[in-house]
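Accompanying notes for the structure given below.
Naming: A, B, ... by sequence-line order, numbering from 1 per chain.
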Amino acid sequence: MEEKYDPKIVEAKWQSCWDKSGLFKVSEESDKKKYYLLEMFPYPSGKIHMGHVRNYTIGDVVARYKRMQGFNVLHPMGWDAFGMPAENAAISNKTHPAIWTYQNIDYMRMQLKRMGFSYDWDREIATCRPEYYRWEQWLFLKMLERGNAYRKESFVNWCDSCQTVLANEQVEAGMCWRCGKPVRQKKLWQWFFKITDYAQDLLAHCDMLPGWPEKVTTMQKNWIGKSIGAQISFPVENMDENIPVFTTRQDTVFGATFMCLAPEHPLVIRLSKGTGEEKNVLEFVERISLQERSNRAIENYEKEGVFTGAWCINPVNERRMPIYTANFALMEYGTGAVMSVPAHDQRDFDFAKKYDMEIVVVVKPDDSDLDPATMTEAYTGDGIMINSGQFNGIDNRRALDDIAAFLEEKGIGKKTVSFRLRDWGISRQRYWGAPIPVVHCDICGIVPVNEKDLPILLPEDAALLEGGQSPLPLLDYFTKTKCPGCGREDARRETDTMDTFVESSWYFERYCSPKFEDGLFDKKAVDYWMPVDQYIGGVEHAILHLLYSRYFTRVLKDLGLVEYKEPFTRLLTQGMVCKETVSCPEHGYLFPEEAEGEAEDRTCKKCGKEVLIGRVEKMSKSKRNVIDPNYLLDKYGADTTRLFCLFAAPPERDLEWNEQGVEGGYRFLTRVWRLVRAHMDVIRDAGSFCGEPGQLKGDLRELYKKTHHTICRVTNDIEERFHFNTAISAVMELVNMMYGIELKKDVKEEADVVRFAIESIVLLLSPIVPHFSEEIWGSLGYESSVLLAPWPVYRKDALVKDDILIVVQVNGKLRSKFSVSPDSGDDTIKERALSDDNVKKFINNKQVKKVIVVKRKLVNIVT
RNA sequence: GCCUGGGUGGCGGAAUAGGUAGACGCAAGGGACUUAAAAUCCCUCGGUCCUUAGUGGCUGUGCGAGUUCAAUUCUCGCCCUAGGCACCA
């Protein structure tokens, strides 16, 4: 142990030592209980950012802690390596996506190693490798076979000028990000996974995930969006056609006065044919389809529609209802048709007023009447039904089921459940993704590739095209193939690739047997490790990634490949890493190091102008409010970086980055370092004390008890709630106490007690600052890693206080305190409280009405 | 608009089966050491009041009510803020 703590030397030494000894490798062959700890794997974008540092630090602490607790811990890491940024980088720097990706992976792996994370690197996976995606393609074939995957026509964002499909994030306020021209909706045949088949099950199990934050399950529930209602058929006048609608308010069906169809509804054009409205309707549909997405971004989207010229009949009262097509009706939800009840729905009310349509009240409040002529807004509350035939006088809520039954009986409708969740569109008209393993044949249609022909390799030598469109359709050697069905030579391979969320929906299973060559995974390994005991990641994945993974797990279970339904037993969503933004009136956003000065008085290094300090926001490249982890590693080292990430805030909360806080963390480590060195001569050959506290006296006894108390606090803080900030505080308190104690060197147990305290500090800190702890552990004479040492255990008898502090209140206000021995009876404590001078002053000879004694804590005297 | 979190010193944050509000750290101020500085160590640190400077009084956890001997903690109503969803029929 050197005189001065030098993180550079210490960290390099232990990282190479861990690497050589293979300390972090694990296998299923173990007598210990398994624990699978997983952090969300990163996209290899170039270098790691503070969000990764925080996420992986939290995970590493838990992994190391669980190992010391005696678990066989699986803690893997890999790369979510397919995706668009690789293509963009390829276009702008003329490097191939594969080269760019693998270079990034190498660099980021090196960075993660510098952080000292305890990954079993033998299990590393990169989803862009054929060994990985071939099994994804295999699974796709199974899903196709089972009807989990299907093809349908659907809309994509399309830029006419770039001639390319755009992802949602490439559409900025309705315009193409590259050329700024308007984006329109284009219909393409695309692949989907039928996640809606599992909507009910996914929803129901949201309430069976006690280890998940309620916030996340709530978000998932809302996303799935179950509505219970009814489907009702409205016959079209003079036509052999029925329009089904979905409604949650079948109690208001007698008040439906018009109908609205989505502009994309297949009946719209047909209905308007020959009515004189046809031209109007065509124009409207065309205009809305162009506007669609761009206007969605704009608030207060104006509701509008046009009359189709056709009418339908309300099946419960034979009312003639005009059929409109309206921009607010969504083809993707329900049936794409809405029965409009203007009296009881605000949107329908506004629409009826705008187009002068009839309003019929069918639910009235208990204590007043409604007059359509004077209503200024829809009445959406509950009440008594009127104008509703045989249902008049019934409470509307209670009528819901009766009306559904009535509709069913009459053959015009039935009770139905509708979900907001839509099927998962997995087609991407992109290059850098896993090819979808099917072939198009003029004779056979869509034909799945033979299993033995997998993987369908993504050609890695394709040249990227300037506009961003996929080069795959242009590569004859890729697209031209023999039909697996009929053998014709002129079949064409599918050129869509899969959404990258597909890769991340099963990678956690692949980690269990990452090199397995005969299937997705080795079932034995998966049976042993899965499900993931603790998953950790950003809350931004609360819906899609987690929901898709839950869906995939259900598919795998139905395929008989796994035994569980839910992949992640416990979930921790860590908060964002934030920092204030700094902007210069001339140069815009600045990196923190581009401004000089302190706090509010900072100036731009380039032009000397005073800069504007903005609000604290999530670190992002675009706002430039980022701290480069490399800078921290160079200046303070990995341990200090880890310590600060954990100390500044509890994990689920946002963390505001502040360099002075980092200094404080570094100071603490040097403080511990010096403490150990100061005592080294005394404790080098001592044994760790483990006797009863009764054997000790005075300061030494206090220190011994405080050490046990600290072990207790740290263990609970980590085990029960992952509150590392308070765990670190507890150790700091112990360190502070040791600085305050003067050793006399005349008590024989002294060296042993001090050694026990120091060993405990090192063990408790070791998951947090592993290199630092290894170094001290070694200097205490241990030859094996601190990670292999058992987690310290506290003695219950050392937690018992020698005396307890009683606080005395008079009428609820604190007036005095005193210490008593823990075995004092309530009466003695009461006596003592009543005889206290300050207490007497406040009782002031008044009648004492009541004295409340809370055991071992407090006395409250009420006058 | 709807659904979730969250509002505590100058700052990050502690403390909730209701029982000493402000642990721990940062910043700030003072002191010790030093020729000096850095580093280190010690002390003070919510506001306010006092002819008694204390183990002192009053006040204080977004605002306003309520329950209770006692409320940061429970209930009701507001305000602010972050995130999610948003024409979902």
Using the P atom on both, measure B/rC42 against B/rG25 and round to a whole Å.
-> 10 Å
Per nearest nucleotide of RNA chain B, the residue lying toward the 5' end, A/Y739 or A/G664, is A/G664
For B/rA70, give its Watson-Crick or G-U wobble partner with both distances under 3.5 Å, or none.
-> none
Closer than 4.0 Å, any side-chain N/O of A/R420 to the OP1 or OP2 of B/rC3?
-> no
Could you list, one pair per line, each protein nitrogen or oxygen that sits under 3.5 Å from a nitrogen or oxygen of nucleotides 8-15 of chain B, together with the distance?
residue, atom, partner, partner atom, Å
B/rG12, O2', A/A648, O, 2.6
B/rG13, O3', A/N725, ND2, 3.3
B/rA14, OP1, A/N725, ND2, 3.2
B/rA14, OP2, A/R653, NH2, 3.2
B/rA15, OP1, A/R721, NH1, 3.3
B/rA15, OP1, A/R721, NH2, 2.8

Do any side-chain nitrogens or oxygens of A/K813 fall under 4.0 Å of OP1 or OP2 in B/rU59?
-> yes
Looking only at side-chain atoms of A/I543, point me to the closest of B/rG57, B/rG84, B/rG19.
-> B/rG84
Have a look at A/F644 and say if it touches a base, only the backbone sugar-phosphate, or nothing, with a 4.0 Å heavy-atom cut-off.
-> nothing
Shortest side-chain distance from A/T218, nucleotide among B/rC42, B/rC58, B/rC3 = B/rC3
Using a cut-off of strictly less than 4.0 Å, decide whether A/R667 has a side-chain nitrogen or oxygen near OP1 or OP2 of B/rC26.
-> yes
Are A/R671 and A/N736 close enough that a side-chain donor and a side-chain acceptor fall under 3.5 Å?
-> yes
Closest to the A/N736 side chain, choosing from B/rG25, B/rA23, B/rU59 = B/rG25
Paired to B/rA21 by Watson-Crick or G-U wobble criteria (both distances under 3.5 Å) is none
Distance, rounded to the nearest Å, where A/F668 contributes CZ and B/rC24 contributes C1' | 10 Å
Gap in Å between the two C1' atoms, one belonging to B/rG47 and one to B/rA21, rounded | 14 Å
Under 4.0 Å: is that the gap between some side-chain N or O of A/R856 and OP1 or OP2 of B/rG19?
-> no
Just name whichever nucleotide pairs with B/rU81, Watson-Crick or G-U, keeping both distances under 3.5 Å, else none.
-> B/rG5
Watson-Crick or G-U wobble partner of B/rA65, both distances under 3.5 Å | B/rU75
Taken to the nearest whole Å, CD1/A/I806 to C1'/B/rU20 is 11 Å
Side chain of A/L814 only, please: which of B/rC24, B/rG19, B/rA21 is the nearest?
-> B/rA21
Which of the following nucleotides, B/rA89, B/rA70, B/rU40, is nearest to the side chain of A/N860?
-> B/rA70
Do A/S821 and A/D803 have side-chain N/O donor and acceptor atoms under 3.5 Å apart?
-> no
Atom CH2 of A/W223 and atom P of B/rC85 are separated, to the nearest Å, by 6 Å
With under 30° as parallel and over 60° as perpendicular, where do the rings of A/Y5 and A/W673 fit, or are they tilted in between?
-> tilted
Rounded to whole angstrom units, what separation is found between the CD1 atom of A/I852 and the P atom of B/rG19?
-> 14 Å
Exceeds 12 heavy-atom contacts within 6.0 angstrom, atom NZ of A/K354 = yes
Indicate whether any N or O donor in one side chain lies under 3.5 Å from an N or O acceptor in the other, for A/S816 and A/N838.
-> no
Look through every strand shown and name the nucleotide pairing with B/rA15 as Watson-Crick or G-U wobble, where both distances are under 3.5 Å.
-> none
Assigned chi class of B/rG12 under the 90° convention is anti
Classify the nucleic acid contact of A/E733 as base, sugar-phosphate or nothing, counting any heavy atom under 4.0 Å across all strands shown.
-> sugar-phosphate
How far, in whole Å, is B/rG29 from B/rU35 if one measures between their C1' atoms?
-> 25 Å
Can you find a pair of side-chain heavy atoms, one from A/I323 and one from A/L261, that are under 4.5 Å apart?
-> yes
Please state whether the phosphate of B/rC88, meaning OP1 or OP2, lies under 4.0 angstrom from any side-chain nitrogen or oxygen of A/R347.
-> yes
What integer distance in Å separates A/K855:NZ from B/rU20:P?
-> 18 Å
Scan A/A730 against the nucleic acid and name what it touches under 4.0 Å (heavy atoms): base, sugar-phosphate only, or nothing.
-> nothing
Measure across A/H344 and A/R249 and return the closest heavy-atom pair with its distance rounded to 0.1 Å.
-> O-NH1, 4.2 Å
Mind checking who B/rC58 pairs with, Watson-Crick or G-U wobble, both distances under 3.5 Å?
-> B/rG47
Using ring-ring contact (aromatic ring centres under 6.0 Å, His included) as the criterion, point out the one residue from A/Y324, A/F349, A/F307 that pairs with A/Y355.
-> A/Y324
Can you find a heavy atom in the side chain of A/E358 that is under 4.5 Å from one in the side chain of A/V360?
-> yes
Does A/K817 place a side-chain N or O at less than 4.0 Å from the phosphate oxygens OP1/OP2 of B/rU20?
-> no
Mind checking A/S816 for me? I need base, sugar-phosphate or nothing, with any heavy atom below 4.0 Å counting as a touch.
-> nothing
Now, which nucleotide makes the Watson-Crick or G-U wobble pair with B/rC33, with each of the two distances under 3.5 Å?
-> none
Side-chain N or O of A/R815 less than 4.0 angstrom from OP1 or OP2 on B/rG57?
-> yes
Base, sugar-phosphate alone, or nothing: which one does A/V338 contact when heavy atoms must sit under 4.0 Å apart?
-> base
Thinking salt bridges, do A/K415 and A/D401 make one under a 4.0 Å N-O criterion?
-> yes
Which value, in whole Å, describes the distance between the C1' atoms of nucleotides B/rU4 and B/rA14?
-> 25 Å
